[in-house]
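Single-structure report; data block below.
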Amino acid sequence: MRKVLFDFGDWEMTTREIIFGLLLFAIYIIGGFCIYEVIDRKIENHNAKYNAAVWVIDDDTFKNRLYSDSRDAFIYGKWNSVGYVTFEDLKKQTDRIPSNVKLPEGKFAYVSIKKEHYTRHTRVVAHVTTVNGKTQTVYKTEVYYTWDFVWGEENSVKQIKFAGVTFPYGTVNPNKIHKYLGTDTHGNDRYIFDAELTEASGIAFTHIEDNKIEKCTLHQEYSNTSEDFKKFLDDKLMGNGLRYAFWIVFVLVGIFG
């Protein structure tokens with residue numbers, strides 16, 4: 001026999017259903033607090049990492065810390081390529097580039113050429129029509145064209161200098177040095193040219209250890225001022241938005257779930 005506690009006509013609530021509902025509610029609440037604790041710990045660890053980082057504002061300080069320290073750091077520095085590469089140099093390394101392709105001029109830290117071909121494709125498309133109340137499906141072959149990648153060639157300098165210290169190319173990557181230099185089209189083929197400039201400056205966040213730094217991005221929108229260092233730190237810190245978002249979602253799922 002089921003023990004009915006509440007009887008609403010077509011709907012009844014038994015003791016077992018109440019206990020099961022309370023159990024599910026308790027599991028939901030406990031699970032929510034466990035998930036929140038993980039999120040909260042992740043935010044705290046993330047912010048602690050950035051708050052504990054040192055600020056390095058000149059080349060001499062960076063060199064001293066590089067050879068004697070092991071920690072995270074905000075570093076302001078000038079970035080430049082050691083030497084340069086050109087599109088003419090790249091052309092000499094491969095026989096893929098036709099002689100009639102006009103190459104961009106200039107000296108760069110990185111150059112890239114991509115060839116694309118204007119290719120004809122076909123596809124079968126279903127067209128559904130209704131005639132005299134009857135639905136008919138007619139299959140038609142359509143033709144379309146796309147620019148498809150054929151091959152790519154690239155070249156870069158071997159080293160860069162950041163904050164007065166030489167590193168392998170790719171260790172510090174400025175965020176605003178990429179340049180699209182245009183496209184040269186010949187019939188159904190086109191050649192796309194990209195490059196990177198040879199100079200930049202800004203703030204990077206990285207880890208210093210064993211006379212090396214981890215790969216990082218150089219943010220050129222920041223300059224060498226205390227205000228910019230503070231703004232860079234504020235942009236990296238995680239606020240309470242994620243915490244609030246979790247509780248909003250948690251409550252809404254609990255209400256409507």
Side-chain angles (χ1 to χ4, degrees), residues 79-160 162 167-206 214-222 232 235-236 238 241-242 245 249:
W79 178 100
N80 60 275
S81 63
V82 178
Y84 60 86
V85 292
T86 68
F87 282 94
E88 287 293 342
D89 294 335
L90 181 58
K91 184 177 181 179
K92 295 175 183 177
Q93 298 177 9
T94 178
D95 57 359
R96 287 175 162 180
I97 306 171
S99 58
N100 62 339
V101 174
K102 185 178 180 180
L103 301 175
E105 298 180 351
K107 300 175 180 179
F108 305 97
Y110 165 90
V111 294
S112 167
I113 301 177
K114 290 188 295 184
K115 178 183 177 181
E116 294 180 343
H117 183 74
Y118 198 57
T119 309
R120 181 181 185 272
H121 303 278
T122 60
R123 61 189 172 195
V124 177
V125 180
H127 295 270
V128 179
T129 60
T130 301
V131 180
N132 297 327
K134 294 183 178 181
T135 301
Q136 298 179 344
T137 302
V138 179
Y139 295 92
K140 295 182 179 181
T141 300
E142 292 185 352
V143 176
Y144 67 100
Y145 292 84
T146 59
W147 285 103
D148 295 339
F149 176 81
V150 179
W151 53 257
E153 294 284 353
E154 61 183 12
N155 192 21
S156 69
V157 296
K158 299 298 184 290
Q159 296 177 316
I160 57 94
F162 173 62
F167 297 100
Y169 172 80
T171 302
V172 182
N173 298 296
N175 64 342
K176 295 182 179 180
I177 61 170
H178 181 85
K179 288 192 67 175
Y180 163 68
L181 298 179
T183 299
D184 190 14
T185 303
H186 297 266
N188 289 331
D189 294 325
R190 69 179 183 182
Y191 301 84
I192 303 171
F193 308 106
D194 294 281
E196 290 179 355
L197 303 179
T198 58
E199 295 181 350
S201 63
I203 298 177
F205 177 81
T206 187
E214 292 181 353
K215 288 186 177 181
C216 57
T217 299
L218 182 69
H219 299 270
Q220 295 194 69
E221 57 268 33
Y222 302 95
F232 187 84
D235 290 342
K236 289 294 183 182
M238 298 175 67
L242 186 60
V249 173

[X]: what forms a ring-ring contact (aromatic ring centres under 6.0 Å, His included) with it, not counting sequence neighbours?
{"X": "Tyr144", "result": "His121"}
{"X": "Tyr84", "result": "none"}
{"X": "Tyr180", "result": "none"}

Going by the rule side-chain hydrogen bond (donor to acceptor under 3.5 Å, both in side chains), which residues pair with [X] if we only count those two or more places apart in sequence or in a different chain?
{"X": "Gln159", "value": "none"}
{"X": "Thr86", "value": "Asp89"}
{"X": "Thr217", "value": "none"}

What class does the angle between the rings of Tyr191 and Trp151 fall in, given that below 30° is parallel, 30 to 60° is tilted and above 60° is perpendicular?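 It falls in the tilted class, 30° to 60°.
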Hey, are the side chains of [X] and [Y] touching, using non-hydrogen atoms and a 4.5 Å cut-off?
{"X": "Phe162", "Y": "Thr171", "answer": "no"}
{"X": "Val143", "Y": "Arg120", "answer": "yes"}
{"X": "Asp235", "Y": "Tyr222", "answer": "yes"}

For [X], which residues count as a salt bridge (Lys or Arg N to Asp or Glu O under 4.0 Å) partner, sequence neighbours excluded?
{"X": "Lys91", "answer": "none"}
{"X": "Asp148", "answer": "none"}
{"X": "Arg123", "answer": "Glu142"}

For Gly187 and Trp147, which heavy atoms make the closest approach, and how far apart are they?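 Taking every non-hydrogen atom into account, O-CH2, 4.4 Å.
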Over all atoms of both residues, closest heavy-atom pair of Pro174 and Gln220: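 Looking at all heavy atoms of both residues, the closest pair is CB-NE2, 3.9 Å.
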For residues 192-204, dump all side-chain donor-acceptor pairs below 3.5 Å to protein atoms at least two apart in sequence or in another chain.
from	atom 1	to	atom 2	distance (Å)
Asp194	OD1	His178	NE2	3.2
Glu196	OE1	Tyr169	OH	2.7

Can you pull the salt bridge (charged side-chain N to carboxylate O under 4.0 Å, His left out) pairs that have at least one residue in residues 99-108, sequence neighbours excluded?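 Sorted pair list comes back empty.
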Not counting sequence neighbours, list each pair that qualifies as a salt bridge (charged side-chain N to carboxylate O under 4.0 Å, His left out) and has a residue in residues 169-190.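 Listed once each, the pairs are Lys115-Asp189, Glu116-Arg190.
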Atom CD of Glu153 and atom CD1 of Ile113: how far apart are they, to the nearest 0.5 Å?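 If I round to the nearest 0.5 Å, the distance is 8.0 Å.
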